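Worksheet: the structure to be examined is printed underneath.
It should be emphasised that the depicted structure is a prediction, and the values quoted were computed from it without experimental measurement.
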Amino acid sequence: MTTTLYIFTGTGNSLAAAEFLAQKLGDMVIESIPIRMKKAGLLIPDTNKVGFIFPVNYSGVPLILSEFIPRVSLSHVPYIFAVAISGGIGRYALLQLDRMLKENGSSLQAGWMVRMVDNYIPYGGAPDEKTQKKLLSDAESVLADIANSIQAEKKEMPGFPVLSQLLHSLFYPRFIRSLSEIDTRFRVDDTCNGCGICSRVCPSDNIRIIDNKPVWQHHCLFCLACINLCPKEAIQLEEKLRNKRRYHNPSVPLKKLIQIQSGMDSSSDQ
Ligand SMILES: Cc1cc2nc3c(=O)[nH]c(=O)nc-3n(C[C@H](O)[C@H](O)[C@H](O)COP(=O)(O)O)c2cc1C
Ligand code: SF4
Ligand code: SF4
């Protein structure tokens with residue numbers, strides 16, 4: 001029985017988790033939400049299981065996922081699950097997704113949160129490599145259990161997560177409202193060599209390279225891929241990022257990340 005897994009990622013954690021599940025479960029098709037969003041029309045997956053895997057944003061779902069839900073018809077699918085990939089707190093995102101699905105004629109049968117490495121680096125930078133390794137290895141154990149639950153079609157939704165709900169109601173609506181202007185906070189410094197990687201890892205096609213420098217186009221999802229993947233660490237968020245450790249999931253090669261974001265061939269990248 002084939003499973004369709006719709007995925008969104010910024011810095012590769014969600015893709016690594018999706019690939020881990022696909023490898024454990026077999027018979028799973030991974031579909032990129034950003035690529036699907038570029039195609040017109042309603043999507044009707046021809047599978048008995050459908051999953052969503054995505055990074056948590058302020059205990060909520062990324063904007064692109066909330067825009068995707070009305071574009072996919074799932075009322076005929078008996079088992080729908082979601083895996084929210086977080087930096088530690090965010091179960092409320094699963095309840096938000098369930099509500100969105102219900103508004104569109106289906107619902108989640110199961111939802112889990114998995115803690116991986118926090119890619120929101122403005123406040124302290126990414127953790128050191130040893131900590132990253134530990135977090136990613138712990139995440140694999142959790143994902144292995146999730147794979148078993150998906151296999152057995154278990155019905156498992158989180159209880160009401162009070163702290164996560166509080167974080168959501170305090171910050172999420174403001175975050176979503178700020179997105180149309182948020183990339184005006186990005187700066188690029190003189191170390192930029194015009195390589196264009198930031199533009200190719202952007203899931204929202206929000207960066208043009210003009211005169212060998214990135215220029216943001218004001219439809220940012222704030223996934224932080226451009227900031228974290230720039231090989232020169234040349235992109236700053238005002239002054240908050242200088243000397244802060246960047247992060248991308250070490251098991252996801254740049255080429256794969258570019259393909260999942262845009263479908264673009266990236267044979268010239270390392
Ligand atoms: C704008 C933004 C908001 C975030 N909010 C949360 C949050 O509320 N809770 C949390 O645990 N992690 C949060 N994170 C961290 C990511 O959810 C986490 O690092 C995730 O693993 C990234 O997955 P990805 O590599 O697939 O993009 C946030 C990250 C960003 C960029
Ligand atoms: S990835 Fe970095 S170095 Fe390359 S064009 Fe973008 S900002 Fe410049
Ligand atoms: S501009 Fe940067 S932060 Fe915004 S969507 Fe693109 S990659 Fe993500």
Handout entry: Set of residues satisfying ring pair (Phe, Tyr, Trp, His ring centres under 6.0 Å) with respect to Y172, sequence neighbours excluded
Key = H168
Exercise for the section: Dump the intermediate steps for side-chain contact (heavy atoms from CB on, under 4.5 Å) on L21 and I150, then the final yes or no. Expected result: CA-CA 9 Å; L21 290 179; I150 295 170; 4.2 Å; yes
Practice task
Would you check if the side chain of S199 reaches a backbone N or O of I207 as a donor-acceptor pair within less than 3.5 Å?
Solution key: yes
Handout entry: ring pair (Phe, Tyr, Trp, His ring centres under 6.0 Å) partners of W216, counting only residues at least two apart
Key = F186
Handout entry: Counterpart residues, ring pair (Phe, Tyr, Trp, His ring centres under 6.0 Å), relative to F52 (two or more places apart)
Key = Y6
Would you list the atom pairs, donor with acceptor, under 3.5 Å between side chains in residues 124-131 and any protein atom, with sequence neighbours excluded?
| unit_1 | atom_1 | unit_2 | atom_2 | d |
| --- | --- | --- | --- | --- |
| D128 | OD1 | K130 | N | 3.3 |
| D128 | OD1 | T131 | N | 2.8 |
| D128 | OD1 | T131 | OG1 | 2.7 |

Problem - Check against side-chain contact (heavy atoms from CB on, under 4.5 Å), F20 and I146 - result: CA-CA 11 Å; F20 183 89; I146 291 173; over 6 Å; no
Problem - Side-chain donor or acceptor of R200 paired with backbone N/O of C198 under 3.5 Å - result: no
Handout entry: Heavy-atom donor-acceptor pair, E156 side chain to W112 backbone, under 3.5 Å
Key = no
Fill in the blank from the handout: By side-chain contact (heavy atoms from CB on, under 4.5 Å), L170 pairs with (sequence neighbours left out) L166
Handout entry: Short side-chain to backbone donor-acceptor contact, H248 and G10, under 3.5 Å
Key = no
Completion exercise
Contacts of S204 meeting side-chain contact (heavy atoms from CB on, under 4.5 Å) (sequence neighbours excluded), chain-then-number -> C202, N206, H219, L221
Practice task
Over 60° means perpendicular and under 30° means parallel, so classify the ring planes of Y58 and F175, tilted if in between.
Solution key: tilted
Practice task
Group every Ile, Leu, Val, Met, Phe, Trp and Tyr by side-chain heavy-atom contacts under 4.5 Å, then state whether F160 and V56 land in the same group.
Solution key: no
Donor-acceptor pairs under 3.5 angstrom involving side-chain atoms of residues 31-44: please list them, not counting sequence neighbours.
| unit_1 | atom_1 | unit_2 | atom_2 | d |
| --- | --- | --- | --- | --- |
| E31 | OE1 | R36 | NE | 3.0 |
| S32 | OG | I35 | N | 3.2 |
| S32 | OG | I260 | O | 2.5 |

Handout entry: Common cluster, L65/F171, ILVMFWY with side-chain heavy-atom separation under 4.5 Å
Key = yes
Completion exercise
With sequence neighbours left out, the residues meeting salt bridge (Lys or Arg N to Asp or Glu O under 4.0 Å) with E19 are K256
Problem - Spatial distance of atom CD1 (I85) from atom CZ (R115) [nearest 0.5 Å] - result: 13.0 Å
Practice task
Scan residues 86-102 for pairs that pass salt bridge (Lys or Arg N to Asp or Glu O under 4.0 Å), counting only residues two or more places apart or in two chains.
Solution key: D98-K102
Handout entry: Steps toward side-chain contact (heavy atoms from CB on, under 4.5 Å) verdict (L63, I176)
Key = CA-CA 7 Å; L63 177 66; I176 295 294; 4.2 Å; yes
Practice task
Using salt bridge (Lys or Arg N to Asp or Glu O under 4.0 Å) as the criterion, list what pairs up with D145, not counting sequence neighbours.
Solution key: none
Exercise for the section: Verify, without hydrogens or angle tests, whether N13 (side chain) and V117 (backbone) share a donor-acceptor contact under 3.5 angstrom. Expected result: yes
Exercise for the section: Please check if the side chain of Q261 supplies one atom and the backbone of T9 the other of a donor-acceptor pair under 3.5 Å. Expected result: yes
Exercise for the section: Can you see which heavy atom on P122 is nearest to which on L224, and at what distance? Expected result: CD-CD1, 4.2 Å
Practice task
Please check if L163 and L167 belong to a single hydrophobic cluster, counting links between Ile, Leu, Val, Met, Phe, Trp and Tyr side chain heavy atoms closer than 4.5 Å.
Solution key: yes
Completion exercise
Note: with side-chain heavy atoms under 4.5 Å as the link, the other cluster members for V215 come out as I210
Exercise for the section: Check the surroundings of atom NZ in K232: do more than 12 heavy atoms from other residues, nucleotides or ligands lie under 6.0 Å from it? Expected result: no
Problem - M116/L135 under side-chain contact (heavy atoms from CB on, under 4.5 Å): CA gap, chis, key distance, verdict - result: CA-CA 6 Å; M116 292 178 86; L135 285 165; over 6 Å; no
Practice task
Find out whether K49 and E153 are in side-chain contact, i.e. whether some heavy atom of one side chain is under 4.5 Å from a heavy atom of the other.
Solution key: yes
Completion exercise
Hits for side-chain contact (heavy atoms from CB on, under 4.5 Å) against D138, two or more places apart or cross-chain, chain-then-number order -> K134
